[in-house]
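Order of the sequence lines fixes the chain letters, A, B, ..., with proteins taken first and strands second; residue numbering starts at 1 for each chain.
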2 protein chains.
Amino acid sequence: MNKKKVSLKDIAEKAQVSTALVSYVLNGKEKESRVGHEIAVKIKAIARELNYEPNYLAKSLRSGKTQTIGLIIADISNPFFANIARIVEDEAKKNGYTVIIGSSDENAEKSRDLIAVFLNRQVDGFIIVSSEDSEEQIRYLLDKNVPFVLLDRHFPDLATDFVSLNSFKAAFDAGSHLIQNGYKNIGLIAYKSQLFHMQERIRGYRQSLAENRIPFQSTWLKEIGFETVEKEIRVGIDDMLAADFPVDALIFATYRLAIAGLKYINSLGLKVPDDLAIVSFGQAEVFDLYYCPITYVLQPMEELGKTAVEILIHKLKQPDADKKQILMEAKLVARDSSRLKVKVA
Amino acid sequence: MNKKKVSLKDIAEKAQVSTALVSYVLNGKEKESRVGHEIAVKIKAIARELNYEPNYLAKSLRSGKTQTIGLIIADISNPFFANIARIVEDEAKKNGYTVIIGSSDENAEKSRDLIAVFLNRQVDGFIIVSSEDSEEQIRYLLDKNVPFVLLDRHFPDLATDFVSLNSFKAAFDAGSHLIQNGYKNIGLIAYKSQLFHMQERIRGYRQSLAENRIPFQSTWLKEIGFETVEKEIRVGIDDMLAADFPVDALIFATYRLAIAGLKYINSLGLKVPDDLAIVSFGQAEVFDLYYCPITYVLQPMEELGKTAVEILIHKLKQPDADKKQILMEAKLVARDSSRLKVKVA
DNA sequence: GTTTTTAGTTTAATCGTTTAAACATACATT
DNA sequence: AATGTATGTTTAAACGATTAAACTAAAAAC
């Protein structure tokens, strides 16, 4: 960069004073530090004239604070997380923080790397959407007393701050909704994951069946591996349709599963919802644009993101405050893909 | 954070040497600086034992380099850019750089803010997807000699490095493809924008008509304002369909326009491609999932992102190298939405 | 007329690195 | 023995800011 940046020293020289005075004035400490009024005015004028911008690195090195938040999300190519990232970024900026984003791609190792890199970069704190098998990393942060907030996914056994979704309730509602609309053989396509939110979705789904006295069939639940979504989904759906009690409705536990599933359903020539009703988690333009708009679980993204930032920033100011554990409620948005079942004559 | 971080000094003390030696050893300069072999081994051992991690802030302050790239994209909620962001991040990481991302939301003022914040944060360089009216900002960077590469959009009048798409050719191909498949009345829905890539898309589209001796009708071209996409698209499409030469095919110049347009087309009950053929820029899962898969212009995202990073990093090492100006070619992916027109009897 | 206060300013250490230059030894050369 | 060279190590300044503490000079208090 051409003209080297102006520093406190430059201003000090031009004003014929020490850097200390300049620092006091520009940090609004003229009162406490009893800086002469005239000189204060002069310093401010010179600072403006030279277009002074403080050097964050120096500031941070001295203060130990970088005003930077590390955001680790599970998958940036998922529009849900991309949106969350944007919200977090905006909210952080409002509070004078910069966000650095990393995507762990649902991979514990990448997540570990990111945490290391970000710690190295001296982020003040983290907002984390945990990936599978990353519980131990969270323990580590807890142990090192690094400020962080878990977002969207949390570990029930760990005493951490978190903001997530009441997945049990959301899945329960999804199932109940389908049942109310006359569907009886309801499948769930979830990820094969020990993550709590996923287990809760499964539990909520099963509970909805149970409360309606629908005996659960093991073929109705498919748990798909992250790495082999496309293939397993095809096999899974085939299996569900060929079962003794073939499904007439499907719940997708995530956006990505829904995309893959719908593609396959399309290719089979099945008609939604007549051949197969659909409810999905996650939200996206796809769901509007599908020939039959998809019923989905509306997650309060805006609140999730904002609250996470709020909690983290509060924590940065008051490290010893009580842990905040927030479960937000989703709202089922009913569309055509789960409309009242037409009885076959 | 609990245990304060270990510094060079801690290692130095434990090894009973000066920090200089430690620094030399840990930076692999033992040879040039003739550090004793035994002591070098000892220092390394202690560093490992204490789990030493250098402090980036101090390093950066000293070196004037932060190993950080500022990425400013026009709209993070657009999957095209979200993907680009991910690619840039990955590629940068491979080269030891961290990326901080900001979304300008197609807004010059936000873009200016981001540039200021990032400069403040001492990013080593920028990768920028410019937004409308931001040419002057680019001039400013050029003038200040800040290293940067423009991505996806560039200004033909400015001598900058850039990596973008041959938009003229891509639009020309889109138009020609429709014409070849029997469509004659072809509309284009673009943004109302002075940005070069948009103007080029319009030019390419018109050229395809011209070369096929199809007289251009002014009703066929709609330029939509960023802020009022939904409304203007409805009016625009209505107008195109009611014109003297009603369109039988539509090209969308961006992903966002396509989404809005398709929604409206759906709501009108029009059948793609029989009532209206479609080709769109941008790519996304939506296009696969639509009842009639959408023909689209495949942009070489991977190459775009990687090349931008490459050029920037090269530039950081060799600031005076020649400017690289790269136009990449898009590839039309033909699907059902633009299939051979069925002649009406 | 001395002492105390108050106001205004500077000094210098500090954050954690890097690195040119100075220093100190040992060894080789004449 | 005096000088030169190689080897190994330390010193100290620098990056740009912050801030406790020291200092100075003038005003207030006794």
Practice task
Using the six-membered ring wherever Trp is involved, compare the ring planes of F126(A) and F118(A) and label them parallel, tilted or perpendicular (cut-offs 30° and 60°).
Solution key: parallel
Completion exercise
Rounded to whole Å, CD of E13(A) lies from P of dT9(C) at a distance of 18 Å
Handout entry: Phosphate-side-chain proximity, S18(A) and dT10(C), N/O vs OP1/OP2 below 4.0 Å
Key = yes
Problem - Atom-to-atom span, CG of N120(B) to P of dG16(D) - whole angstrom - result: 14 Å
Handout entry: Residues forming a side-chain hydrogen bond (donor to acceptor under 3.5 Å, both in side chains) with K59(A), sequence neighbours excluded
Key = none
Problem - Gap between atoms CG and C1', on N55(B) and dT14(C) respectively (whole Å) - result: 13 Å
Handout entry: Donor-acceptor pair between T66(B) and D124(B) side chains, under 3.5 angstrom
Key = yes
Exercise for the section: Grab the CD-P distance between Q122(A) and dG16(C) for me, whole Å please. Expected result: 9 Å
Practice task
Indicate whether the side chain of R121(A) and that of T68(B) have a donor and an acceptor atom separated by less than 3.5 Å.
Solution key: yes
Exercise for the section: Would you mind checking if D113(B) and K93(A) are paired as a salt bridge, meaning a charged N to carboxylate O distance below 4.0 Å? Expected result: no
Completion exercise
Atom NZ of K9(A) and atom P of dT10(C) are separated, to the nearest Å, by 15 Å
Exercise for the section: Figure out the CG/P separation between L57(A) and dT14(C), and round it to whole Å. Expected result: 22 Å
Problem - Residues R153(B), E106(B): salt bridge by 4.0 Å N-O rule - result: yes
List the atom pairs, donor and acceptor, that lie under 3.5 Å between side-chain atoms in residues 300-322 of chain A and the rest of the protein, sequence neighbours left out.
{"unit_1": "T307(A)", "atom_1": "OG1", "unit_2": "E303(A)", "atom_2": "O", "d": "2.5"}
{"unit_1": "K315(A)", "atom_1": "NZ", "unit_2": "D161(A)", "atom_2": "OD1", "d": "2.7"}

Practice task
Would you indicate what S33(A) reaches in the nucleic acid, counting non-hydrogen atoms under 4.0 angstrom: base, sugar-phosphate, or nothing?
Solution key: base
Exercise for the section: Could you tell me whether I39(A) contacts a base, only the sugar-phosphate backbone, or nothing, with contacts defined as non-hydrogen atoms closer than 4.0 Å? Expected result: sugar-phosphate
Exercise for the section: Report the distance from atom CG of L61(A) to atom C1' of dT19(D), rounded to the nearest whole Å. Expected result: 15 Å
Practice task
Let me have a per-nucleotide readout for nucleotides 18-23 of chain C, 5' to 3', with B, S or -, counting only protein heavy atoms under 4.0 Å.
Solution key: BBB---
Practice task
Identify whether any heavy atom of E38(B) sits under 4.0 Å from a base atom; if not, whether one sits that close to sugar-phosphate; answer base, sugar-phosphate or nothing.
Solution key: nothing
Exercise for the section: Measure from CD on E32(A) to C1' on dA21(D) and round the result to the nearest Å. Expected result: 17 Å
